[in-house]
There are 2 protein chains.
Amino acid sequence: MADVTARATGHPLAGRASFLLSQLGAYSAHEFAKRLAPLGMRPGHFGLLMHLSRGEGQSQQRLADAMGIHRNVMVGLVDELEDRGLIERRRHPADRRAHAIHLTGTAHDLLGRAQRVADEHEAELLAGIGEDDRTYLIALLQHLAEHTGLPSGVHPGLNDNPLSTTSRRC
Amino acid sequence: MADVTARATGHPLAGRASFLLSQLGAYSAHEFAKRLAPLGMRPGHFGLLMHLSRGEGQSQQRLADAMGIHRNVMVGLVDELEDRGLIERRRHPADRRAHAIHLTGTAHDLLGRAQRVADEHEAELLAGIGEDDRTYLIALLQHLAEHTGLPSGVHPGLNDNPLSTTSRRC
DNA sequence: AGTGATTGTCATCTAAGATGACAATAAGCT
DNA sequence: AGCTTATTGTCATCTTAGATGACAATCACT
């Protein structure tokens, strides 16, 4: 296992979890985006499709909240996915302001491929450590995510901070 | 400890290390930038000062390599820090193309304050887990960072990918 | 009916990253 | 010495991503 004191790595910040998380997080997001690009998708698209596969018919606001992004951003995501015919905006049965977002048939196909990409990405990222350590790492990260109050979120940057619901000035 | 299977969190991606890293990494970087803002610094400035405090007189290219950023970006970092009188460009003793970057007296003062900010940030980020887990988490992250070939890096986004030295086309 | 919040949308502003070009200088080869 | 190639710092530009504010339509509450 690596030297925790980190003076050995030569980098003055390599011993800080905050720094390592920033680095690895940026790398992970960047790398995942690159892997997803051939499918014509960005991480946000993937996240949205994943959320929809768990429950269709939600409003854009609800989806945005669940993903931890601003509803303004959701408009673009839905636009792009709708243009590709992967989802559709239907009339919301209970609220005429809102749209009910639904998956189309072709979406499941693409989602499957994207999930395989995500699995590959995950596997390569964790290739260096053993099974037990993976499990423990994920548990630790989940714990941190909960404690910091991070929303479910998507890969893209945080809107402003955790708990951003509708909007949120500093 | 959190549920590793993650089906319980409600988020379809909460069980993936890649996703958690992206989320937490973005949060950490964002939060750190916000804490650093009152000092008039960005994470890159902090990283540069930290690197310089370990060895002055290096060329911009060398510093950029060590930090994992492109030399074009380094120009801006050095410009801003030089304008504030924290560092200075001297003539490189061995290469007339290059500059030798040195810290000024006022820099140490600010660096100290920035380090305290970084310590606070680190402490709050890890507030949810115990001492042993922190140590283990950092070790795991360091291992991942080494395995993925990440350079020393700074908080800002990766230039293109790990191993970016001078430049690097896809 | 009226008041204030919420939803989806659009326009805009800013910051960040990537890319390509360039002069000055270095390093190596013949 | 001369020639060629690589490197350093710099600048300009292009593309994104993110944040912010505004707005009409609709809802919820009184």
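What you see below is based on every heavy atom in this structure, not just the backbone, and it leaves out hydrogens, waters and symmetry mates. To find a chain, count down the sequence lines: A is the first, B the second, and so on, and within it residues start at 1.
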| Quick one: A/L77 CG to D/dT16 P, roughly how many Å, whole number? | 16 Å
| field | Listed partners of B/R113 passing salt bridge (charged side-chain N to carboxylate O under 4.0 Å, His left out), at least two apart | value | B/D109
| task | Select base, sugar-phosphate, or nothing to describe what B/R42 touches, counting heavy atoms under 4.0 Å on all strands. | result | sugar-phosphate
| message | Is there a side-chain contact between A/H99 and the phosphate of C/dT9, meaning an N or O under 4.0 Å from OP1 or OP2? | response | yes
For a quick test of your reading: what N or O donor-acceptor pairs under 3.5 Å do the side chains of residues 39-49 of chain B make, sequence neighbours left out?
{"unit_1": "B/R42", "atom_1": "NH2", "unit_2": "B/H45", "atom_2": "NE2", "d": "3.4"}
{"unit_1": "B/R42", "atom_1": "NH2", "unit_2": "B/E80", "atom_2": "OE1", "d": "2.5"}
{"unit_1": "B/R42", "atom_1": "NH2", "unit_2": "B/E80", "atom_2": "OE2", "d": "2.8"}
{"unit_1": "B/H45", "atom_1": "ND1", "unit_2": "B/R42", "atom_2": "N", "d": "3.0"}
{"unit_1": "B/H45", "atom_1": "NE2", "unit_2": "B/E80", "atom_2": "OE1", "d": "2.6"}

| Nearest-angstrom distance from the residue atom NE2 of A/H45 to C1' of D/dA17 | 13 Å
| Contact under 4.0 Å: A/Q60 side-chain N or O vs C/dT9 OP1/OP2 | yes
| remark: A/H92 NE2 to C/dT7 P, in whole Å, measures 10 Å
| task | Give a yes/no on whether any side-chain N or O of B/Q61 is located under 4.0 angstrom from OP1 or OP2 of D/dT8. | result | yes
| task | Could you tell me the separation between the CD atom of B/E82 and the CZ atom of B/R89, rounded to the nearest 0.5 Å? | result | 4.5 Å
| query | What is the distance, rounded to the nearest whole Å, between atom CD of A/E80 and atom P of D/dT16? | reply | 11 Å
| Taking CG from A/N72 and C1' from D/dG21, how many angstroms apart are they, rounded to a whole number? | 9 Å
| request: Can you tell me the distance, in whole Å, between the NE2 atom of B/H70 and the C1' atom of C/dA16? | output: 14 Å
Short N/O separations, protein against nucleotides 23-29 of chain D, under 3.5 angstrom:
{"unit_1": "D/dT26", "atom_1": "O2", "unit_2": "A/R97", "atom_2": "NH1", "d": "3.4"}
{"unit_1": "D/dC27", "atom_1": "OP1", "unit_2": "A/R96", "atom_2": "N", "d": "3.0"}

| query | Ion pair present between B/R35 and B/E31, side-chain N to carboxylate O less than 4.0 angstrom? | reply | yes
| In whole Å, what is the span from the NE2 atom of A/H30 to the C1' atom of C/dG17? | 8 Å
| message | Using OP1 and OP2 only, check whether a side-chain N or O of A/R91 sits under 4.0 Å from C/dG8. | response | no
| said: Distance check needed: D/dA17 P versus A/I69 CD1, whole Å only. | reply: 13 Å
| request: Working to the nearest 0.5 Å, report the span between CG of B/D79 and CG of B/D83. | output: 6.0 Å
| Where the side chain of A/H99 meets the backbone of A/I101, is there a donor-acceptor pair that is under 3.5 Å apart? | no
| field | Close side-chain approach of B/R16 to A/E122, heavy-atom, < 4.5 Å | value | yes
